[in-house]
Amino acid sequence: MENSGIAKVFTEIAELLEIKGDDPFRIRSYKNAAMVVEGLTQSLTSLYEQGGLNGIPGIGLGLRQKIVEMLETGACAFHDELLKELPAGLLDILNVRGVGPKKAALFYKELGISTIEALEKAAAAHALAGLSHIGKKTEENILKGIMELKTMTGRVTLHSAMQTAEAIIKYLKKTTNAGDVQPAGSIRRWTESIGDIDILAISSEHERIIDAFVRYPEAKETVSKGDTKAAIALKNGLRVDIRVLDADSYGSAMQYFTGSKSHNVIIREMAKKKGLKINEYGVFDEKTGERLAGLTEADVYKQIGLPLILPEYREGRGEIEAALAGNLPKPLELCDIRGDLHCHTDESDGAHSLRDMAQEAMRLGYEYMAITDHSRAIGVAHGLDAKRALKQMDEIDAFNASLKKAGKRFVVLKSAEVDIRADGTLDHEEAVLGRLDCVVGAIHSGWNMTMAEMTGRIIKGLNTGRIDILAHPTGRLIGIRSAYQVDMNAIMETAIMTGVALELNSSPERLDLNDVHCRAAMEKGIPVAISTDAHSASQLSNMTYGIHTARRGWLEKKNVLNARPLKELLTWLKKRRS
DNA sequence: GCCGTTTTCGGCCCGACTGTTTTCAGTCG
């Protein structure tokens with residue numbers, strides 16, 4: 001079993017125990033374990049083989065035994081037992097907004113409801129009202145919740161959520177006198193996809209802000225509305241939460257509202273041990289009630305003996321332990337990037353010429369860029385055959401010469417995004433490969449290959465010794481296409497052996513490597529190339545998404561191939577060719 | 001079920017909003 005499968009079992013156990021009304025703290029342990037497993041940089045299988053299952057925080061004896069059981073047998077007896085007691089359909093019912101474990105248990109016990117369809121029927125027939133604490137309004141909300149589930153857009157890319165958030169913030173600033181309105185939550189942590197948008201507004205006129213918010217023209221309905229918080233559902237299906245607080249609570253409010261939940265739970269536990277209480281209003285002495293901090297986030301962290309932890313690190317994945325030990329990564333900055341190593345021109349499927357792309361790269365302050373047009377296997381992208389590739393290289397040489405003559409300190413690297421064919425061979429001949437400064441290998445076909453086939457294909461490609469960077473290593477498109485089946489651990493081991501760098505593709509639809517893979521690469525000492533895969537000049541600025549994803553993976557400047565100055569990069573490339 | 005310079009037993013984050021109630025349970029983040 002893979003980590004994600006094990007995490008899913010733990011989540012389901014937690015949910016089933018909730019429906020059963022089990023000990024809430026036991027439930028929390030299972031939920032926490034699911035998140036811990038999800039954030040591990042190594043597969044549990046390999047940890048188990050190396051005897052490394054001990055010492056994972058949040059995984060004690062009981063959970064460890066269940067992990068071993070799942071690795072050895074592929075199933076968890078406790079999970080199976082619970083599913084014999086309770087129908088699996090109850091887990092679906094929990095996805096209906098407004099229905100939690102208590103109501104699901106009530107409907108099941110009293111009416112035998114165990115599927116969403118049955119729940120919908122019962123609500124429509126007014127069979128629910130009359131049960132304890134259930135009235136007409138609850139029935140309406142359940143029907144609404146089911147409708148919402150059916151038409152749900154699901155999660156959206158960070159990029160799309162940011163645009164929506166910006167529009168709402170602009171509207172609020174225009175229509176009210178809010179001092180400060182900012183995105184918080186997962187947007188501020190730069191998670192790869194967003195389930196709902198969180199906005200924090202600082203103002204003393206709470207009511208005015210809330211009123212304006214629920215009247216937002218793109219809002220389909222008001223989900224909830226109170227004195228300090230409200231929620232709306234947008235016409236596009238996204239949900240937006242707002243919280244309005246006074247200026248002196250800015251730091252604590254931002255800290256609270258940025259999350260993540262697991263990070264905040266740890267922070268508050270730490271505070272409690274120190275006799276403090278942290279909420280969105282500030283940090284308080286638990287005994288005297290005296291307010292000790294709240295104006296800035298740094299003050300909040302300082303009260304519990306921590307330095308300010310950047311939002312990207314706040315996932316409850318060891319950042320607090322690292323902060324205590326003074327081992328937090330030095331945050332990567334956009335200005336650390338010296339060049340882009342994956343860009344297309346109108347020679348293949350890009351929109352702009354070599355010259356236009358280079359000019360934009362220079363404007364961004366880069367020292368270099370690699371032009372990586374497709375190889376011929378990508379027919380739809382007008383991929384280059386040997387003749388065209390060699391001709392493009394001549395053009396790049398001439399262009400570089402003209403830059404040098406003009407006194408410009410900028411170099412275009414002769415490069416290509418070469419397909420690794422289904423049989424593991426490369427889609428350019430030696431005459432082309434031998435003349436390139438930098439070779440980016442990529443998979444663009446055969447999505448249905450088995451894990452063994454795909455992994456073998458990529459490993460064979462890397463073992464040709466011709467590939468310098470493996471582009472978008474898992475091939476996923478966020479919310480559109482899941483990653484192909486591939487053993488990333490084996491790929492990384494091959495990358496170490498062959499000295500190949502892995503790409504963090506900064507396109508908001510890709511972000512591939514993802515954060516967890518980035519961290520694994522960092523731990524293994526594999527250099528990561530943060531590239532945009534730009535198909536137009538403006539897409540070169542997608543680098544920002546790569547930077548923040550890299551931060552989420554704890555990458556530092558020293559881990560990033562294209563944070564190296566040109567001279568060092570060329571030395572690295574040359575060494576690989578000798 | 002986890003965890004420990006207050007504890008190996010007894011703790012385990014915190015608050016807002018809704019709908020159902022006559023003071024609060026359930027849900028959510």
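When reading the values below, keep in mind they use all heavy atoms of this one structure, side chains included, and skip hydrogens, waters and symmetry mates. By convention in this document, chain letters (A, B, ...) are assigned in the order of the sequence lines, proteins followed by strands, and residues within each chain are numbered from 1.
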Cut-off 3.5 Å, side chains only: do [X] and [Y] have a donor facing an acceptor?
X      : Y      : answer
A:T474 : A:D512 : yes
A:N514 : A:E192 : no
A:S4   : A:E2   : no
A:S160 : A:T157 : no

At under 4.0 Å, does any side-chain N or O of [X] touch on OP1 or OP2 of [N]?
X      : N      : answer
A:K273 : B:dT5  : no
A:K272 : B:dC12 : yes
A:N279 : B:dC13 : no
A:R243 : B:dC14 : no
A:R28  : B:dC13 : yes
A:R26  : B:dG1  : yes
A:K136 : B:dT20 : no
A:Y256 : B:dA16 : no

Length of the line joining [X]:[atom1] and [N]:[atom2], which is rounded to integer Å:
X      : N      : atom1 : atom2 : value
A:H133 : B:dT27 : NE2   : C1'   : 14 Å
A:I232 : B:dT18 : CD1   : P     : 14 Å
A:R268 : B:dG29 : CZ    : P     : 15 Å
A:N141 : B:dC17 : CG    : C1'   : 12 Å
A:F25  : B:dC13 : CZ    : P     : 6 Å
A:D23  : B:dC12 : CG    : P     : 12 Å
A:I197 : B:dG29 : CD1   : P     : 14 Å

Closest-nucleotide mapping onto DNA chain B: is A:L276 or A:D198 further toward the 5' terminus? I mean the 5' end.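 Looking at DNA chain B, the more 5' nearest nucleotide goes with A:L276.
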Please work out whether the ring planes of A:Y545 and A:H159 are parallel, tilted or perpendicular, with thresholds of 30° and 60°. perpendicular
Do any of residues 219-229 of chain A sit with a heavy atom less than 4.0 Å from DNA chain B, and if so which? A:S224, A:K225, A:G226, A:D227, A:T228, A:K229
Using the side-chain hydrogen bond (donor to acceptor under 3.5 Å, both in side chains) definition, which of the options A:T228, A:D246, A:D227 pairs with A:H206? A:D246
Which of the following nucleotides, B:dT27, B:dC13, B:dC14, is nearest to the side chain of A:E286?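 That would be B:dC14.
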Test your reading of the model: is there a side-chain donor-acceptor pair from A:R551 to the backbone of A:E333, 3.5 Å cut-off?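 Answer holds: no.
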With a 3.5 Å distance limit and no angle check, can you tell me whether A:E556 reaches the backbone of A:K330 through a side-chain donor-acceptor pair? yes
Quick one: look up who B:dG15 pairs with, Watson-Crick or G-U, both distances under 3.5 Å, and put none if it's unpaired.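 For B:dG15, the partner nucleotide comes out as B:dC28, under the 3.5 Å rule.
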